[in-house]
Amino acid sequence: MNDVPEAAPGTRKIVEAILLLADEPVPASQMGEVLEVPRAEVESVLRDLAASYESEGRGFVLRESAPGWRLYTDPECAPWLERFVTGHRHARLSGASLEVLAIVAYKGPISRSEIAEIRGVDSDGVVKTLVQRGLIEASGPGGPGAANLFEVSDEFLERMGLRSVDELPPLTDFMPDAEAVEDMEAKLSPNA
Amino acid sequence: MNDVPEAAPGTRKIVEAILLLADEPVPASQMGEVLEVPRAEVESVLRDLAASYESEGRGFVLRESAPGWRLYTDPECAPWLERFVTGHRHARLSGASLEVLAIVAYKGPISRSEIAEIRGVDSDGVVKTLVQRGLIEASGPGGPGAANLFEVSDEFLERMGLRSVDELPPLTDFMPDAEAVEDMEAKLSPNA
Amino acid sequence: MAYEVKLKVFEGPIDLLLHLITRQRVDIYDVSLAQITEEYLAAISGLEHPDLETATGFLVVAATLLELKSARLLPGRRGDEEETHLLEERDLLLARLVECSTFREAGAWLARGLEAGASAHGRSAGLEEAFVDLAPKMVLKTTPERLGALAAAALAPRPEPEVDVSHVSPIRATVRDAIVEVAAFLRGRETPAAFRELCSDAAERIDVVVRFLALLELFKAGAVDLVQVDRFGDIRATWTGEAEADEVLADADEYVIDLREAGR
């Protein structure tokens with residue numbers, strides 16, 4: 001069943017990991033750089049993988065397009081995936097999404113890595129979801145791979161009943177001064 | 001584009017497609033609803049998939065944690081993936097934060113003042129940090145000013161690869177051994 | 001004896017004691033309660049920006065250590081009841097040390113688990129184009145105010161309050177002076193005075209520590225009675241008049257901790 005190219009088992013494994021992680025097509029040459037193997041070898045591994053996913057009847061397919069290689073769901077599964085997507089679970093904004101939305105609203109235009117910096121956690125997945133849901137959008141230089149800057153969308157503003165982000169309440173309204181913090185802490189402490 | 005080989009894709013195929021599409025852990029029950037098959041059947045398919053990914057030496061692993069099932073890159077591949085991950089993934093936690101995290105994991109739901117009682121020092125700042133990092137969350141009555149109880153979050157359980165806190169090793173595993181306790185006792189002994 | 005007090009940042013009174021008591025030393029068998037007590041006092045004398053609550057936590061532990069230590073230095077002057085009480089205190093402290101050590105180890109284990117988890121990246125490529133339009137509109141149950149609060153919280157510097165004792169501040173007060181001051185404060189009062197009141201004019205943490213030690217000296221000499229209802233509760237002192245400050249001073253000499261020496 002698994003005809004693994006025996007010469008480079010390590011390469012196949014890492015290529016699969018890169019494909020799973022990537023959220024846009026990855027050029028074979030880039031994988032070659034990371035792996036320090038010739039591009040041709042990576043391409044051979046990719047073609048073998050694509051063929052094996054198909055012959056094994058996997059739920060995903062590996063396709064090459066102009067920019068590179070990417071995993072997609074098998075089109076046969078589309079009816080079930082539609083049902084999955086329309087399910088209620090995705091309709092709710094997670095706490096992490098709301099936080100990123102708030103950061104983008106107040107600090108946009110802002111890059112992915114700046115958002116990660118502020119939150120202390122990788123936030124790419126959340127950013128991507130918010131873009132897909134039309135709540136934030138890439139502005140600035142753009143282009144695939146470029147360090148996109150993100151800001152909230154017009155749809156977001158409309159749904160919040162705002163004409164622009166300038167209408168958001170000033171952040172200082174929410175930053176308690178040092179004295180207030182001490183007060184609060186005193187009230188929270190068990191022996192106060 | 002793709003010729004559909006058979007009449008209808010099997011459960012395994014659709015489950016794999018859902019896993020590829022999902023950007024957070026998916027409960028087996030939700031997949032069962034989409035597929036209109038019993039949850040137990042989905043779970044059996046998921047377990048088989050997880051085992052086969054491992055035995056085939058794939059670049060991804062399938063794991064179950066509290067919120068559900070999700071595909072992850074194989075940890076072995078992490079060094080090659082750095083380029084594809086933006087931002088520092090997770091800032092390190094201080095000793096105090098880890099101690100409070102352990103208290104919440106083992107003693108949660110637990111209030112701020114109970115945490116302070118165990119540690120002998122006010123721990124509100126640390127609790128706040130852990131909430132911000134998404135590792136613990138307020139449960140119970142809640143509301144501003146209310147005496148919140150804290151427990152570990154699904155995100156924590158996902159990152160630890162745990163289905164529930166019951167899967168944590170028993171706390172007694174971490175107790176100092178008899179010799180160490182005797183040593184402590186000797187040093188505190190008035191008659192030493 | 002001169003000690004080199006090199007301390008990391010401590011997170012609490014038990015944490016500090018655990019550090020002193022478990023650290024590896026060449027002369028491990030020479031480490032005595034007396035030495036640990038002195039080091040503990042030296043460390044807390046250097047605490048900066050104390051709030052009374054934190055100070056109390058440290059002082060309660062210090063008090064227990066001093067009590068245990070003095071029992072050793074004054075053998076045979078205690079009854080069975082006191083002896084039992086002391087052993088109970090010791091066991092309570094021991095239990096808290098074991099608990100603290102246990103959670104610290106558990107925390108280290110969690111850290112390893114989280115680190116291992118961080119090397120497995122969850123699939124998060126998001127929806128393929130074909131499905132994006134099918135996704136239900138996200139429910140935006142939020143308000144500009146809530147977003148503001150979230151942004152402010154996310155942008156606020158991360159709090160990691162820790163008690164820094166890496167810095168040992170110069171000593172500006174002595175136990176001997178404090179004995180005289182505390183005695184003067186308590187003498188002639190009808191009602192018990194809270195330790196808090198005794199320290200109401202204390203500008204520095206060291207003043208609080210020194211007054212606390214003075215109070216203990218007075219207590220040991222029988223000049224005051226001390227009552228503490230809860231573990232973290234306030235300590236109340238009453239003047240008994242059974243000893244005078246100068247007697248206490250004379251008697252106290254044998255084991256007064258010289259903070260200047262220990263703090264260096």
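Each chain gets a letter, A, B and so on, in the order the sequences are listed, and its residues count up from 1. Here the structure is a predicted model, which is why all the values come from computation and not from measurement. Values reported hereafter were calculated over all heavy atoms of this structure, with side chains retained and with hydrogens, waters and symmetry mates removed.
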Would you say [X] and [Y] make side-chain contact, with heavy atoms under 4.5 Å?
X: B:Asp183; Y: C:Ile21; answer: no
X: C:Phe103; Y: B:Lys107; answer: yes
X: B:Leu93; Y: C:Leu114; answer: yes
X: B:Asp173; Y: C:Trp109; answer: no

> Is it the side chain or the backbone of B:Phe60 that comes within 4.5 Å of chain C heavy atoms, both, or neither?
Replying inline: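 Interface part for B:Phe60: neither.
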> At a heavy-atom separation under 4.5 Å, does B:Arg70 approach chain C through its side chain, its backbone, both, or neither?
Replying inline: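 The side chain, not the backbone.
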So how far is it from [X] [atom1] to [Y] [atom2], rounded to the nearest 0.5 Å?
X: B:Glu185; Y: C:Arg90; atom1: CD; atom2: CZ; result: 4.5 Å
X: B:Leu188; Y: C:Glu89; atom1: CG; atom2: CD; result: 11.5 Å
X: B:Asp74; Y: C:His121; atom1: CG; atom2: NE2; result: 11.0 Å
X: B:Met184; Y: C:Ser101; atom1: CE; atom2: OG; result: 4.5 Å
X: C:Leu110; Y: B:Leu168; atom1: CG; atom2: CG; result: 6.5 Å
X: B:Lys187; Y: C:Leu94; atom1: NZ; atom2: CG; result: 12.0 Å

> Under a 4.5 Å heavy-atom cutoff, which of C:Ala106, C:Ser124, C:Cys100 has the most pairs with chain B?
Replying inline: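 If we count pairs closer than 4.5 Å to chain B, C:Ala106 comes out on top.
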> Relative to chain B, which of C:Leu93, C:Thr102, C:Ile14, C:Asp91 shows the most heavy atom pairs under 4.5 Å?
Replying inline: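 Maximum pair count with chain B is reached by C:Thr102.
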> Looking only at heavy atoms, which two atoms of B:Thr73 and C:Ser119 are closest? And how far apart?
Replying inline: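 Where B:Thr73 meets C:Ser119 most closely, the heavy atoms are OG1-O, 4.0 Å.
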>> For a quick test of reading the model, state the closest non-hydrogen atom pair linking B:Glu117 to C:Arg96 and the distance between them.
In response: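 Between these two residues, the closest heavy atoms are O-NH2, 3.4 Å.
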> Is atom CD of C:Glu115 surrounded by more than 12 heavy atoms (other residues, nucleotides or ligands) closer than 6.0 Å?
Replying inline: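 No, CD of C:Glu115 has 12 or fewer neighbouring heavy atoms, counting only those of other groups under 6.0 Å.
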> If you count the non-hydrogen atoms of other residues, nucleotides and ligands that lie under 6.0 Å from CD in C:Glu145, is the total more than 12?
Replying inline: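 Yes, enclosed.
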> Quick one: side-chain contact (heavy atoms from CB on, under 4.5 Å) partners of C:Ala111, sequence neighbours excluded?
Replying inline: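 Residues passing side-chain contact (heavy atoms from CB on, under 4.5 Å) with C:Ala111: B:Leu98.
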>> So, using side-chain contact (heavy atoms from CB on, under 4.5 Å) as the criterion, who are the partners of B:Asp48 when residues are at least two apart?
In response: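 Once residues adjacent in sequence are excluded, the partners of B:Asp48 under the side-chain contact (heavy atoms from CB on, under 4.5 Å) criterion are B:Ser44.
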> Which one, B:Ala105, B:Gly161, B:Pro169, leads in non-hydrogen pairs under 4.5 Å with chain C?
Replying inline: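 Going by pairs under 4.5 Å, I would pick B:Pro169.
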>> I'd like to verify something: which residue of B:Pro75, B:Cys77, B:Ala78 has the highest number of heavy-atom pairs under 4.5 Å with chain C?
In response: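 Winner by heavy-atom pair count: B:Pro75.
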>> Quick check against the 3.5 Å criterion: does C:Arg123 have a side-chain atom that pairs as donor or acceptor with the backbone of B:Leu20?
In response: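 At least one qualifying donor-acceptor pair exists.
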